[in-house]
S.K.: 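Let me begin by handing over the structure; questions about it come next.
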Amino acid sequence: VIPKVQQAIPMIMGANIGTSVTNTIVAMGQAGNRADFKRAFAGATVHDMFNILAVLILLPLETASHYLFHLTEAIVESMSLNSENSDQEFLKIITDPFVSLFVHLNKSALVDIAKGNASDDIKLLDQHCGIKVEGNCSDLIGINCTDTKYRKCDYLFFDTDLSEAAVGAILLFISLVLLISTLCVMVKLLQSVLGGRMARAVKRTANADLPGRWKLLTPYLAMLIGAAITILVQSSSVFTSTLTPLVGLDLLSLERMFPLTLGSNVGTTVTGLLAALASKGGLTERRHAFQVAFAHLFFNLSGIIIWFPIPRMRAIPLACARFLGKTTSRYRWFAVFYLLSVFFLVPLTVFGLSLAGWQVLVGVLVPLLTLLVLVFIVNVIQQRDPGRLPARFQTWDWLPLPLRSLEPYDDLIVKAKTACASRRHHGHTKLTDSDQSSF
């Protein structure tokens, strides 16, 4: 069923977090060097930290007041909309011909599924490609050519013995391989190109401040640049994934990466507005499309207003990102754990709790989040002025080691890796001895 606008707003917040997973994958390409990996992972996760912190504040606020819903509703009501749509293709002009070589989706079937009107035998893969018949009709699909306007499709997965689920799984695998391969190649190219004088010039230019009294406006100029470039490429992931290796190579500071990322967050909302312009349907559907797009925009603007202008607030996501970078440089397996936890396990857990009812969700998450906030506050006070705390809480030494350090888990992983390596080496030695005896 198509979600209502009020249901779509929390989904937008979750999508904002999910879109930053690409940065984390890119950062792993620099895991070979601890110093580069530390900087790159901090640069990648500053995006995550901003999005997560923004959601932690704005989601409860939206649930209680629906301020994003009412604000965007008022904006859309003041606009003069009609039921006509204007197709905005842009990058589709480049991507559609390539995608059409592999698959052609039945868009009307997707709409029927979203509205809950789909039949049991609905097909997601097009059986025709909407091409009007001209002249010879020998290649039509078993119907009278005088009564049809369509011709047989010729994409790769047309008329195969595979199920649609199998085709989808194959395409997902191919797309993930292409994505990861492209990102790895991008990191290696940047590492090879940006060296020597070029590296010094890039570092000097990227981290430069505006002169004199205008210096305070430098981060906001960086936001505008990030928004403008993201609008041009229509993808925040592409822009921020390009910046992540630069942070790893120490050519771009984390303080400069942060406003560029925030600008990219705002720039990517333009894609939603373009999609709303191209949306098909009646006036109500177009209003809803614009309202969701504006909700995405004002969510990001609200997060920026909370976490960026005040230096002490700005320092929180930066400190969290640095902590994650420091942790992953010491325990490299933590990067994989972080990726799986933040982008898969936690969302699935929250989704499972929500299925049990909002009472269960609130009963589990509120105490857990309260505990995390208290631990964070105690950690800050321990570092800055531990004398303010009771003697017991001035350190965490009284806790069992597995609750205050990753060292025990690191020891287990190292032992497991050593055991696996020893087993492989022993098997290889036995195989070699067997080959020599048979010779």
Side-chain angles (χ1 to χ4, degrees), residues 9 12-24 26 43-55 57-58 68 71-72 75-76 79 88-92 94 186 202 205-210 214-247 251-278 289-311 313-314 317-318 321:
I9 291 175
I12 289 172
M13 296 181 183
N16 237 40
I17 296 174
T19 191
S20 59
V21 67
T22 315
N23 298 4
T24 310
V26 171
T45 53
V46 73
H47 194 184
D48 303 345
M49 294 302 101
F50 168 77
N51 287 331
I52 291 172
L53 291 170
V55 168
I57 291 179
L58 296 177
L68 283 175
L71 173 62
T72 55
I75 293 173
V76 172
M79 297 172 61
Q88 304 292 330
E89 296 295 332
F90 295 97
L91 291 181
K92 286 187 177 181
I94 300 173
M186 181 179 69
V202 171
T205 304
N207 297 299
D209 292 323
L210 293 174
W214 302 105
K215 181 179 179 179
L216 293 175
L217 297 179
T218 303
Y220 300 96
L221 176 62
M223 277 191 205
L224 293 176
I225 293 173
I229 296 177
T230 302
I231 291 171
L232 291 176
V233 300
Q234 291 194 39
S235 173
S236 61
S237 296
V238 170
F239 177 63
T240 55
S241 296
T242 306
L243 296 180
T244 299
L246 299 182
V247 179
L251 301 180
L252 184 69
S253 68
L254 187 63
E255 288 77 10
R256 188 54 47 85
M257 171 74 169
F258 190 30
L260 287 168
T261 297
L262 299 185
S264 181
N265 258 15
V266 174
T268 195
T269 62
V270 175
T271 305
L273 292 171
L274 292 175
L277 284 172
F290 271 101
Q291 191 173 351
V292 170
F294 278 121
H296 190 194
L297 171 62
F298 283 101
F299 164 72
N300 283 300
L301 291 177
S302 300
I304 290 172
I305 291 171
I306 294 171
W307 292 108
F308 193 78
I310 302 174
M313 297 295 287
R314 187 188 312 175
L318 289 171

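Heavy-atom basis, side chains included; hydrogens, waters and symmetry copies ignored.
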S.K.: Enter the distance from L318:CG to S253:OG here, rounded to the nearest 0.5 Å.
M.R.: 9.5 Å
S.K.: Hey, does the side chain of T244 reach the backbone of G43 with a donor-acceptor pair shorter than 3.5 angstrom?
M.R.: no
S.K.: So, D48 side chain and V21 main chain: donor-acceptor pair closer than 3.5 Å or not?
M.R.: no
S.K.: More than 12 heavy atoms of other residues, nucleotides or ligands under 6.0 Å from CG of L217: is that the case?
M.R.: yes
S.K.: Nearest 0.5 Å please: distance from the CG atom of N300 over to the CD1 atom of I305.
M.R.: 11.0 Å
S.K.: Which distance, rounded to the nearest 0.5 Å, do you find between the OG of S237 and the NE2 of H47?
M.R.: 7.5 Å
S.K.: Looking at every non-hydrogen atom in both residues, tell me the closest pair between A293 and L273 and how far apart they are.
M.R.: CB-CD2, 3.6 Å
S.K.: Measure the CZ-CG distance between F299 and L58 for me, rounded to the nearest 0.5 Å.
M.R.: 5.5 Å
S.K.: Checking F258 now: which residues fulfil ring pair (Phe, Tyr, Trp, His ring centres under 6.0 Å) with it, not counting sequence neighbours?
M.R.: F308
S.K.: Tell me which pairs pass salt bridge (charged side-chain N to carboxylate O under 4.0 Å, His left out) where either residue lies in residues 254-266, with sequence neighbours left out.
M.R.: D209-R256, E255-R322
S.K.: To the nearest 0.5 Å, what is the distance between CZ (F50) and OG1 (T45)?
M.R.: 14.5 Å
S.K.: Would you call F290 and T72 a side-chain contact if the rule is heavy atoms closer than 4.5 Å?
M.R.: no
S.K.: What pairs meet the salt bridge (charged side-chain N to carboxylate O under 4.0 Å, His left out) rule with one or both residues in residues 216-230, with sequence neighbours excluded?
M.R.: none
S.K.: How far does CG of L71 sit from CZ of F294, to the nearest 0.5 angstrom?
M.R.: 10.0 Å
S.K.: Using atom types as modelled, flag every donor-acceptor pair under 3.5 Å from a side chain in residues 219-232 to any protein atom, sequence neighbours excluded.
M.R.:
{"from": "T230", "atom 1": "OG1", "to": "G226", "atom 2": "O", "distance (Å)": "2.7"}
{"from": "T230", "atom 1": "OG1", "to": "S264", "atom 2": "OG", "distance (Å)": "2.9"}

S.K.: Return each pair, listed once, that meets ring pair (Phe, Tyr, Trp, His ring centres under 6.0 Å) where at least one residue sits in residues 223-247; pairs must be two or more places apart or across chains.
M.R.: none
S.K.: Sort out for me which residue in T19, N51, T240 forms a side-chain hydrogen bond (donor to acceptor under 3.5 Å, both in side chains) with N265.
M.R.: N51
S.K.: Determine, stepwise, if the pair F298 / I75 fulfils side chain to side chain contact (heavy atoms under 4.5 Å, CB included).
M.R.: CA-CA 11 Å; F298 283 101; I75 293 173; 3.3 Å; yes
S.K.: Strictly by salt bridge (charged side-chain N to carboxylate O under 4.0 Å, His left out), give each pair with a member in residues 220-243 just once, sequence neighbours left out.
M.R.: none
S.K.: Any side-chain heavy atom of L262 sitting closer than 4.5 Å to one from W307?
M.R.: no
S.K.: Could you walk me through whether I9 and V292 pass the side chain to side chain contact (heavy atoms under 4.5 Å, CB included) test, one step at a time?
M.R.: CA-CA 7 Å; I9 291 175; V292 170; over 6 Å; no
S.K.: Taking the side chain as everything from C-beta on, heavy atoms only, tell me whether L252 gets closer than 4.5 Å to L260.
M.R.: yes
